[in-house]
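First up is the structure itself, then whatever we jot down about it.
Naming convention: chains lettered A, B, ... in sequence-line order (proteins, then strands); numbering from 1 in each chain. Just so we're clear, the structure is a prediction, and the values are computed from it rather than from any experiment. Worth knowing before you read on, the calculation uses all heavy atoms, side chains too, and leaves out hydrogens, waters and symmetry mates.
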Number of protein chains: 2
Amino acid sequence: MARLAQYSHRLSVAPGKTFIQEGEAATDFYIVTAGHTKIFTLMPDGRRQITGFGQSGDFLGLASGATYAFSAEALGPLSLCRFSRTGLGLLRREFPELELRLMEEASRELVQAQRRMLLLGRKTARERLASFLLEQHHLSPTKEIVIHLPMSRTGIADYLGLTIETVSRTLNALQREMMITITQVTQITLLNLPALEHLARGG
Amino acid sequence: MARLAQYSHRLSVAPGKTFIQEGEAATDFYIVTAGHTKIFTLMPDGRRQITGFGQSGDFLGLASGATYAFSAEALGPLSLCRFSRTGLGLLRREFPELELRLMEEASRELVQAQRRMLLLGRKTARERLASFLLEQHHLSPTKEIVIHLPMSRTGIADYLGLTIETVSRTLNALQREMMITITQVTQITLLNLPALEHLARGG
DNA sequence: CGGCGCGTTGATGCAAGTCAAATTTAGTGG
DNA sequence: CCACTAAATTTGACTTGCATCAACGCGCCG
């Protein structure tokens, strides 16, 4: 591990700070060591699509071209480990098990990306919200039926390809239909998991 | 290369044949050696989302779980090289340069997946078609402005998250606006690349 | 207390979906 | 090569789900 230090650099990022900017030279590569990030792309007129979230242990900055194809922002206090792109190559030679982790991570992300393309391309607003709530549920380590939403309505909307109004209305509709209870703005109780699962898969 | 043969197996697939079925045990891994495939996911009621296409040289079957999360179908006569999942692990150890190719491929696909999430989540029908036409244009080795659509209207619709009627109408609208000419059903001439690029990026 | 950010709710508009019919294209056998 | 059929595409009329525009309510903090 002696050589690791000369290619890596630990750093902290303030909440809300964008530490990877779409279009900039993709010189570095990051590993999240603590906290959460959101990964998104923007259109010139401000339309935003959140393509994913990064948690502790996740890799960030896998770019195929010379520049980043996305931006990344700290959702809260964030700790990162930064590698230079060249350093990563050397590291990979040094630690074969890293290679495996990288592939696993890439596969996992690719599968998730496919799920999200189905959601964004073919699901209705109700189905998207149901899918989202269940995803949050599965992410929770305790599998509690009370889930905490880690983002605002704007975040949910940009993640699901909807508007904040539709998110709000749809959430309330699901509550009226007794599938969920909106305990607080960012806290929801899942009342009818089978119904939500049925809805999420779309039939 | 001696050991390669004992883990790999060349095979041909008939046009239209589905050779990877969503939900089945993800035991194998493929490399496309000739032809084209489409990769898609289905919903119980038949809604389909094409998540991508595989060409010669592409890897297929990167699954994170025990089962495939997608189906793959031969678009025409197709040649594949199949590896057992265990064989792949051994191969990776044997050929470090394969490792690199795998990572490059995964990165490229991840970047493309992000572009597609933006398209599916935030772009209008016109923007989607413009993006699609330019993608086909960039895929062509000769960069001809006459492009050949490698699929039917149904295929385009399932790729872009639209209906066949909207695809047809939008294509004709772009023709009326002098951005393209529909020479034949599957052959389109791009008349105004700057306008299409402007439209595709959304402003 | 008052302004401000965020969320909810309501009224209205419109892009894309649905349903259906017309038309073109492709395929098949005589 | 042509007639006939089946499939794909286009076109039209209509519907609808979500977006847009606009109030309104509610914490929260200076």
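At least one side-chain nitrogen or oxygen of A:Thr166 sits closer than 4.0 Å to the OP1 or OP2 atom of D:dA19. Listed pair A:Arg153 / C:dT8 meets the phosphate criterion, a side-chain N or O lying under 4.0 Å from OP1 or OP2. Residue B:Thr124 has no polar side-chain atom (N or O) positioned under 4.0 Å from OP1 or OP2 of C:dA15.
Across all strands, B:Gly161 comes closer than 4.0 Å only to sugar-phosphate atoms, never to a base (heavy-atom distances).
Atom CD in A:Gln175 sits about 14 Å away from atom C1' in C:dT9, given to the nearest Å. The CD-P distance, from B:Gln184 to C:dT23, rounds to 22 Å in whole Å. The interatomic distance linking A:Arg122 (CZ) with C:dA16 (C1') rounds to 12 Å, in whole Å. D:dT11 atom P lies 13 Å from atom CD of B:Glu165, rounded to whole Å. Across the protein-nucleic acid pair, A:Ile164 atom CD1 and D:dC21 atom C1' stand 12 Å apart, rounded to whole Å. Remark: C1' of D:dC18 and CG of A:Leu162 are 8 Å apart, rounded to the nearest angstrom. Straight-line distance from the CG atom of B:Leu160 to the C1' atom of C:dG17: 15 Å, rounded to whole Å. In this entry the distance linking CG of B:Leu149 with P of D:dT9 reads 10 Å, nearest Å.
The main-chain N or O of B:Leu171 is never found under 3.5 Å from a side-chain atom of B:Arg176 such that the two would form a donor-acceptor pair. The backbone N or O of A:Met43 lies less than 3.5 Å from no partner atom in the side chain of B:Arg201, so there is not a single donor-acceptor pair.
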- Message: Does A:Gln49 form a side chain to side chain contact (heavy atoms under 4.5 Å, CB included) with A:Arg116? I'd like the steps, not just the answer.
- Response: CA-CA 11 Å; A:Gln49 179 64 49; A:Arg116 287 183 51 63; 3.5 Å; yes
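Taking CE from B:Met151 and OG1 from B:Thr186, the interatomic distance works out to 11.0 Å, rounded to the nearest 0.5 Å.
Between A:Arg108 and A:Glu105, at least one side-chain nitrogen of the basic residue sits less than 4.0 Å from a carboxylate oxygen of the acidic one, meeting the salt-bridge criterion.
Sequence order on DNA chain C of the closest nucleotides to B:Thr163 and A:Arg176 puts A:Arg176 first from the 5' end. Toward the 5′ end of DNA chain D lies the nearest nucleotide of B:Thr154, the other residue of the pair B:Thr154 and B:Arg169 mapping further downstream.
Taking the side chain of A:Ser168 as heavy atoms from C-beta on, and the options D:dT11, C:dT8, D:dC21, the nearest nucleotide is C:dT8. Comparing D:dA19, C:dG7, C:dA20 by their closest approach to the side chain of A:Ser152 singles out C:dG7.
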